[in-house]
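In what follows, a single structure is set out as structure tokens and then discussed.
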Amino acid sequence: MQELVEHKAAALAAEAERSMARGDVQAAGALAARALSLHAGQPLALAVRERIAALAAPGYSVVIPTCNRLDILQRCLHCLERQTLPRDRFEVIVVDDASTDGTADFLAGHHPPFTLRPIVMPRRGGPGKARNAGIRAARGDIVHFLNDDALIEPNVLALHATLHEALADTPVSVLGRFDFAPPFTDTLWGYTLQHGDLLFRYPTFTHNGLHGHTSYYTCNISTPRRQLVQAGLFDEAFTGGQWGAEDMEFGMRLAALPVPVLFRDDSRSVHVHDVGVEGLARTALVRGGGAVWLFAKHGGSPHYARIGARDVAYWRNLPTRVTERMGELHAVLARTEDLRPALAPDTAPASEGTPAPYLRRDDYDDMHRLCLGLWPLRTRELLQVIDGVERMALDALHAAERGAAMQECAARLYPAQLFIRFFHDTIGVCGVDTIRRFCPDAPPLPAPDAAPGYVPDNAPDNVADGMARPTAAPPHAGKRVLLACNFFWPSVGGTELFIETLGLHLRALGHHVEIACRWQENRASEMRHGMPIHAFRCHGKFTDPTMGPDTERYRALVRNGGYDAVIVLAHPDNWACHLLADLPRPHPRIIMLPSINAENMEHWAERGVLDDIARTLRAADVCVAVSEHGHDSRLFTELGVPQAFVPHAMDPAPAPWDMRARLGLPRGVPLLACVGNFWPVKNQLALLRRLADAPPDAPPDGTPDWRLVLAGGALPWEKERRYFEECWQLARQNPRVRMLGPLPPEEATALIRDADLLLVPSQGESAGPLVVLEAMALDTPWVATPQCNAVHDEGGGVIAPLEDFPRVIGQLLTRPDLADELARNGHAHWERCFRWATVAPLFDALVRNGSAPAGARMPDDLRAARQQLADAVLGA
């Protein structure tokens, strides 16, 4: 009888194992539980239960960025220990933004009763970048942002979790309070800040009311993770002097989804970091710079929209008389930090839902108008204004000394605080290079290093941080080169990365490089890493009714801009290529890198426009094929177009962190990575469906566990937005799958490096995706579909139809010897052919001579070895 029971338990455990293999964790758990009820020690059922526990994730993630505030952080974490939300339902992710006060050591040795996951940033990147690292690492469906100086009450997490559960079909951000507390608010200065609108506007919010993006305060707010990812995460360009508005800018993108802000007065936290006179000045400074970037990205007309170059120059270099006089004003105001007038009794308490008495700038019209018009003032006028503000401050002090109530003194002090806020805001506005969006004549801020090819660490985005930087330019004379493309920075993608990197390498070879691209409203500068940007209101294809109003201006720049060569990377039916057809001579040498895939060829044939495509390609002095035997090379041959083979290149920069640890992925479990923005052609949805229907084949000793991480940005257009949402819903059903959202290039590099396999399920590529070259450089084998074009001429991977991916993945995971051989094969091919040291001289020769020497074709020995390895995998 006992044998029969154990046999039945073993059968149930085996069925549980098969359910795990299919990704049906719920069924696997139920079957394992039945098996263990019959035989408590059934080993396979115990193993299944352990694997289910490893897959389990808390539903709620708290993300806390911190930098050099260990003492305050410890108090914040202590409040999280007292939460009424069960401790197994939430995790806390503390992102240490390169602190130097021992924060990292403390976090490594701290073991609270909840799950604590520290992330240590290798270099300081600002709060937006730190929060993004937390979002990507978060395992919960809800992400709650806290400041490290926010002490939340015990009910806060439970309240937010309950609200999100109740509003699951109507995503919102739940905003809680973040209030100063005694003894700071017992002072005249602290009371005035708490009851004014210079830092936060909580007293104006209605309990349970919905509010807009300007109320997206990340001090104490929670948002569904799906919407955080869909909105594109925080803009990491908010760094240095302009980090102070990154939360409101992100709130604008969330509001567009739409995800409104729901305010809850009963979600309370105490702000333990008192903000004195100097603190208000510093906050205003960075918020001013950040607001310039916000307006530059999203449009609008700030009060300094008509600022002039002389204004900017004046505020960047204020006269000593003004700065000294402001120092004296600060000293007078600092005296209010120690005054504690008594509160007058409330004579008419506000009814529920009615905002409390509040100090508003709109109630101080004259001072507010004056503050909005500070930027055109000069020394004599500013000194007069400062004198007047000091008299206001002294009036508040005298009122307190003669026994006036706190409320009366605060009303007298508030205009002086308003002036401090706008004075330093104006300095911040003028102190960032982005002000040139509103004042093109303003001089650019000096770069920290003017060496050719140098990329500063605080560049407007981190695209260049994900690549090895070229060395300084050699002494020989260079050419004037225009790089033309459809999209360029701040748009991020493979083409943008390639164009930018090519430009930097051409500069390092001594050439002067400029960029021509589509105009984008959110481009805040006309200079990118020393390369001037010419933006055109052009768009679409030659088959469209119009390609925009700037078509002739683009042609005139190409013809008359004094360039020796123009390199165009775009589809040949796109405006950037097509407008160069029939260009009157003389004109510079035209080098086209046309993007061509199977879908393009079918579309052009159906439309009957192949003759027009041929005319465009023949306008080039030379067309560059980025694949040896792909669609581009075949079309050039068919049309008799002069061509040169120059492959793409990739030099990944070292990534100094462990992505498994950052994402909380278990050691020893195979990691699959898929990197690419969520265009339907990238085919992530079909990959998810295939892995759900047919998980990787089981080896003889049991199914391998695995994790799939998809990294890439959601796109804002309706079709692509629906596609992303379908991917998210399917990924959410499989606990083995994580969607991270967009990754900075250096983090994408780390993910590809740490993965056991890179998966490329694309339905069509003009060339081999750059991520494949990156995998080859980083010793990571890959699996790609046949539609990926140039991968047929690249080493290190297996080409298979998507329906065969599960079998190929299973074979490579259970045969690490084959995977290692593939990795070595790919790295050897990258070393010989795909480094910028090999490819940049080919572009240099095209620019100088119009022809390139023999390119970097795949060596026969590596091609044969790759095919032999692929046959071993596919034939197994």
Side-chain angles (χ1 to χ4, degrees), residues 60-67 69 72-85 89-95 114 127-128 130-131 134-135 138 140 142-164 167 171-181 184-185 193-194 197-225 227-228 234 244-251 254-255 259-275 283 287 356:
Y60 204 89
S61 299
V62 180
V63 172
I64 307 172
T66 189
C67 183
R69 299 208 287 197
I72 296 176
L73 173 66
Q74 289 170 331
R75 296 177 64 185
C76 176
L77 292 175
H78 177 69
C79 289
L80 290 167
E81 294 183 18
R82 300 186 291 112
Q83 292 300 298
T84 58
L85 186 68
R89 287 191 57 193
F90 71 94
E91 64 179 357
V92 177
I93 301 168
V94 178
V95 186
F114 50 78
R131 290 192 198 100
I135 295 168
I142 306 299
V143 175
H144 192 129
F145 298 113
L146 281 182
N147 271 17
D148 59 4
D149 56 359
L151 307 185
I152 58 175
E153 293 183 351
N155 70 315
V156 167
L157 297 190
L159 172 66
H160 283 243
T162 300
L163 285 167
H164 284 293
L167 298 169
V172 298
S173 296
V174 179
L175 173 68
R177 297 188 68 96
F178 183 58
D179 294 322
F180 293 110
F184 180 64
T185 53
L193 271 188
Q194 173 66 24
D197 60 358
L198 300 183
L199 290 177
F200 305 105
R201 296 180 295 110
Y202 290 114
T204 66
F205 297 158
T206 304
H207 177 66
N208 265 343
L210 296 178
H211 301 275
H213 71 273
T214 57
S215 58
Y216 196 84
Y217 302 148
T218 49
C219 320
N220 176 18
I221 196 168
S222 59
T223 305
R225 184 171 178 271
Q227 277 69 39
L228 295 175
F234 290 88
E246 80 288 342
D247 48 1
M248 283 187 285
E249 189 277 332
F250 188 45
L254 284 170
V259 181
V261 174
L262 172 69
F263 175 64
R264 291 289 297 203
D265 191 69
D266 49 355
S267 168
R268 295 177 174 268
S269 67
V270 171
H271 185 182
V272 296
H273 193 160
D274 299 343
V275 178
T283 300
R287 283 188 177 181

Item to check | Shortest non-hydrogen contact between V259 and P171, atoms and distance | outcome: CG1-O, 3.8 Å
Checklist entry - Going by atom types only, do R177 and N220 share a side-chain donor-acceptor pair under 3.5 Å? => result no
Checklist outcome for this item: Per ring-ring contact (aromatic ring centres under 6.0 Å, His included), F178 is matched among Y217, F200, F145 by F200
Checklist entry - If we only count heavy atoms from C-beta on, is the V95 to I64 side-chain gap below 4.5 Å? => result no
Checklist entry - With sequence neighbours left out, what residues match F184 under ring-ring contact (aromatic ring centres under 6.0 Å, His included)? => result F180
Next on the checklist: Nearest 0.5 angstrom please: I142 CD1 to Q227 CD, how far?
Outcome noted: 8.5 Å
Checklist entry - How many angstroms lie between atom CZ of F234 and atom CG of D247, to the nearest 0.5 angstrom? => result 6.5 Å
Checklist entry - What distance do S173 atom OG and L254 atom CG have between them, rounded to the nearest 0.5 Å? => result 5.5 Å
Checklist entry - Counting N and O atoms only, with roles assigned by atom type, does the side chain of S61 sit under 3.5 Å from a partner on the main chain of G140, one being a donor and the other an acceptor? => result yes
Checklist entry - When you look at R264 and L175, which way does the side-chain contact (heavy atoms from CB on, under 4.5 Å) test go after all the steps? => result CA-CA 6 Å; R264 291 289 297 203; L175 173 68; over 6 Å; no
Next on the checklist: When you compare the side chain of Y202 with that of T204, does any pair of heavy atoms fall below 4.5 Å?
Outcome noted: no
Item to check | Full working for side-chain contact (heavy atoms from CB on, under 4.5 Å) between L193 and T185 | outcome: CA-CA 8 Å; L193 271 188; T185 53; over 6 Å; no
Item to check | Smallest separation among heavy atoms of V272 and R75, with atom names | outcome: CG1-NH2, 4.0 Å
Item to check | Aromatic ring proximity H211/F205, centre distance under 6.0 Å | outcome: yes
Next on the checklist: Tell me every residue that passes side chain to side chain contact (heavy atoms under 4.5 Å, CB included) with A161, counting only those two or more places apart in sequence or in another chain.
Outcome noted: Y60, L85, R89
Item to check | Nearest non-hydrogen partners of C79 and Q83, listed with the distance | outcome: O-NE2, 3.3 Å
Checklist entry - What pair of heavy atoms forms the shortest contact from H164 to V172, and how long is it? => result CE1-O, 3.2 Å
Item to check | Which atom of A255 lies closest to which atom of H213, heavy atoms considered | outcome: CB-CB, 4.4 Å
Checklist entry - Strictly by modelled atom types, are H160 and S267 linked by a side-chain donor-acceptor pair under 3.5 Å? => result yes
Using distance only, find each side-chain donor-acceptor pair of residues 147-158 under 3.5 Å and give its atom names and separation, not counting sequence neighbours.
unit_1: N147; atom_1: ND2; unit_2: D149; atom_2: OD1; d: 3.4
unit_1: D148; atom_1: OD1; unit_2: R69; atom_2: NE; d: 3.2
unit_1: D148; atom_1: OD1; unit_2: R69; atom_2: NH2; d: 2.6
unit_1: D148; atom_1: OD2; unit_2: T66; atom_2: OG1; d: 2.8
unit_1: D148; atom_1: OD2; unit_2: R69; atom_2: NE; d: 3.3
unit_1: D149; atom_1: OD2; unit_2: H271; atom_2: NE2; d: 3.1
unit_1: N155; atom_1: ND2; unit_2: D266; atom_2: O; d: 3.4

Next on the checklist: If we count only N and O atoms by modelled type, under 3.5 Å, do the side chains of T218 and R131 hold a donor and an acceptor together?
Outcome noted: yes
Checklist entry - Could you go step by step and tell me if L77 and V94 meet the side-chain contact (heavy atoms from CB on, under 4.5 Å) rule? => result CA-CA 9 Å; L77 292 175; V94 178; 4.0 Å; yes
Checklist entry - Just wondering, do L146 and V63 contact through their side chains at under 4.5 Å, heavy atoms? => result no
Item to check | Value rounded to 0.5 Å, distance of SG in C76 from CD in E81 | outcome: 11.0 Å
Checklist entry - Mind checking whether F263 and N208 have side chains closer than 4.5 Å, heavy atoms only? => result no
Checklist entry - Nearest 0.5 Å, what's the OG1-CG distance between T206 and D265? => result 10.0 Å
Checklist outcome for this item: Heavy atoms of V143 and A138 approach each other most closely as CG2-CB, 4.0 Å
